[in-house]
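See structure below.
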Amino acid sequence: MSGVFSLTMVAESLRISAPYVCAAMGGIWAEKSGVVQIGLEGVLLTSAFASVAAAAATQSAVIGLLTGVCAGALLSLGHALLVEKAKVHAMVSGIALNLLAYAGTRLALRGLYDSASNSPAIEGFRFGPVGASGGALLGRVFADPVTLVAILMAVATPWLLKKTRFGLRVRAAGENPDALSAVGASVTKIRSYALLLSGVACGLGGVHLAFDQHRFESGMSNGRGFIALAAVVVSGWRAGYAVLACLAFGALEALQIVLQDDLRKSRGGDLIQLLPYVATLLVLAVAAGKSNAPKALGK
Amino acid sequence: MNATLRRFKQPALVAVIAIAGLWLVFNLIAFAFAEAPLATLARAWGGTWGTPYGIGQVLFKATPLIFTGYAFHIAQRAGLFNIGAEGQLAAASLCGGAFAAQLPASTPMPLALLSALLVGAIVGALVALPPAVMRARLGVHEVITAIMMNRIVDVLVPFTVATVLGASSLRTADVVSGATLPRLDKVFVSLSGSAASAAFPLAVALVVALYFWLGRSRPGREMQWIGKSAEACRAEGISVRNRLILAMLLSGAFAGLGMSATVLGYKGYFEVGLGSGAGFAGIAVALLGRGHPIGIVLAALFFGTLEQAGLAINARVPKEAMTVLEAVAIVLVSAAGRVSISNTEQPANSASNEGDSSKSEAQGGGPDGPEKGSTRQSPKTKPDTEFAEVTPS
């Protein structure tokens, strides 16, 4: 049990939280602008694959990072256009997006690497101290460029939303699109930009996921997009609280790794996985009625 | 006459757009894998409708989709979006399978079968209960809660199989012979070898029965009115909360019955992952089927065909190609459906009567308003593309 209060635990929590935080920021951008986005899962998966494919082809982690982020942004923009322009129901579009990402990445995996399960290994970024000690782990977390960009984004998102003109417009698109169009702004345009940013944020999470494993695995997002969505809802659509929720979810998962040896004796450890979902249900039940959801969400 | 023509013009247009788009994507994928599209299509045809065995397999693949597709539609009529069929089906499959395995071996067929189906339906409804109550009582949107339930079931099912049932192979014991559904090849010999079972006619019969019950009974009609205007129903004294809960529970129960196709009709036991994907595909089936029972059965057959065709071409082109086509079909059909609806909206409104009745509903008209709406005709009030926001007070 000694592992719970250690640098290893802190490092693991941060490492595991990073994709959640990215995806949750993606969720914040999308939902604040009034577009329901249950396709975060698909965006994570797509950008993870795109980053690995580009990094493997060019032997450049930077190009991989950029490609992954772009792929996420494009997919997310596609969601915005389907919902806003083609008037497809956002839930339907999101489901199709997830299906497309899951099947599409598997298809490409077999097409490019003739494998049903994973891509060949890529180098990715390897900075920071080597070794297995807690300090070294923590050092590597803070030396990882993807993590640093993710932190930057987690700080920038609430600031952009609150303090800038663009952020105000995004919030207006989510709260009162009629008022927004009354002052001459295009709701479709604002939402498309917001979804583009959502894709960038969530795509960064996908890249982190893939670079962290140094390869792509089929279905490697493994429900993280849904947990991130839960974090957004639990936080009452507030970016700062969403980050905290993601850190908590990440810490729970890290606990499983740190306590691995103690938990292996019983399968009870599996039930720790339930906590984010149960917590979300409970928070929703308690906080019902004073919902902070953007008023025009899904309209 | 003109109206009849318009009714057929719209689905025809949607079908043309969808087929053209699917063919384009199919060609692109085939080229990417250096295969001739027509030869691949021929191989897919041979593995599905081209042989009796293939037909049987398509029926088998379509059966759970009929259940989950119609389940989604039941909730959708009441303005609810049940994204939880995946978890409802998985939990029902596990519990129904485990229950049917625990029965005494001598249990007579009707009793064993009916009780296993009942357990499946009840468990499916139970998984739908938290989202239903939280929506109706607290006003929490059912999508996020249903997604959480999906994930919870996802963790609990393997856990339960491994611990409570103590199985090391991630499967339950065989169900008793009385609870299995006979294969269709016992009657239609040419289907021999395929996994199509009596679950297929069962699914169709249940859909038809439920269609008439929902359309003619008081609760069924009230659920549909709520989907159109909860405010009007509340003004009329209909218990909106209870009807919403009923709709969600019925939806969950019907999704749970999908276990008849996989557990009782095919494997004879439950294993982790059996039937997965049917829940999400069911949403697409319901959207494609446009809320009509025949449409939903046809859409399920279409998706069943795609899934089986994927297996038929897998050696040359990965079977995921067909899943990509499913996703494309969902997008195209809902986009094309929307576009053509907005095209026909203008004449429908100016034809006075239809437009007015739907307006008076929205503003809380009397009981006549919703009643008129239930005779589905005007494309504007078609339930399949509208998910009315119901705000429980």
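Convention: sequence-line order gives letters A, B, ...; per-chain numbering from 1.
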Counting heavy-atom pairs closer than 4.5 Å to chain B, which one of G111(A), A103(A), A230(A), A116(A) comes out on top? A103(A)

Under 4.5 Å, counting heavy-atom pairs only, tell me which of V36(A), L100(A), L97(A) racks up the most with chain B. L100(A)

In this structure, CZ of F280(B) is separated from CG of N98(A) (nearest 0.5 Å) by 7.5 Å

In this structure, CD1 of I283(B) is separated from NE2 of H89(A) (nearest 0.5 Å) by 11.0 Å

If you compare all heavy atoms of [X] against all heavy atoms of [Y], which two are closest, and at what distance to 0.1 Å?
| X | Y | answer |
| --- | --- | --- |
| S334(B) | V88(A) | OG-CG1, 3.7 Å |
| A327(B) | A96(A) | CB-O, 3.6 Å |
| M149(B) | L281(A) | SD-CD1, 3.8 Å |

For Y241(A), I'd like to know if atom OH has over 12 heavy atoms of other residues, nucleotides or ligands within 6.0 Å. no

Within the 4.5 Å heavy-atom criterion, are I83(B) and I38(A) side-chain neighbours or not? yes

Close side-chain approach of L284(A) and H141(B), heavy atoms under 4.5 Å: no

Quick check on I144(B) against chain A: is it the side chain, the backbone, both or neither that has a heavy atom closer than 4.5 Å? side chain

Go through the atoms of V143(B) and report whether side chain, backbone, both or neither lie under 4.5 Å from a heavy atom of chain A. side chain

Under 4.5 Å from any heavy atom of chain B, what part of [X] do you find: side chain, backbone, both or neither?
| X | answer |
| --- | --- |
| I95(A) | side chain |
| S93(A) | neither |
| L107(A) | both |

Chain A shares the most heavy-atom pairs under 4.5 Å, among I330(B), V155(B), V328(B), with V155(B)

Residue by residue, scan residues 219-227 of chain A and write down, ordered by number, those that have a heavy-atom distance under 4.5 Å to chain B; if none do, write 'none'. N222(A), G223(A), F226(A)

Residues from residues 312-323 of chain B approaching chain A under 4.5 Å (heavy atoms): N314(B), A315(B), P318(B), K319(B), E320(B), A321(B), T323(B)

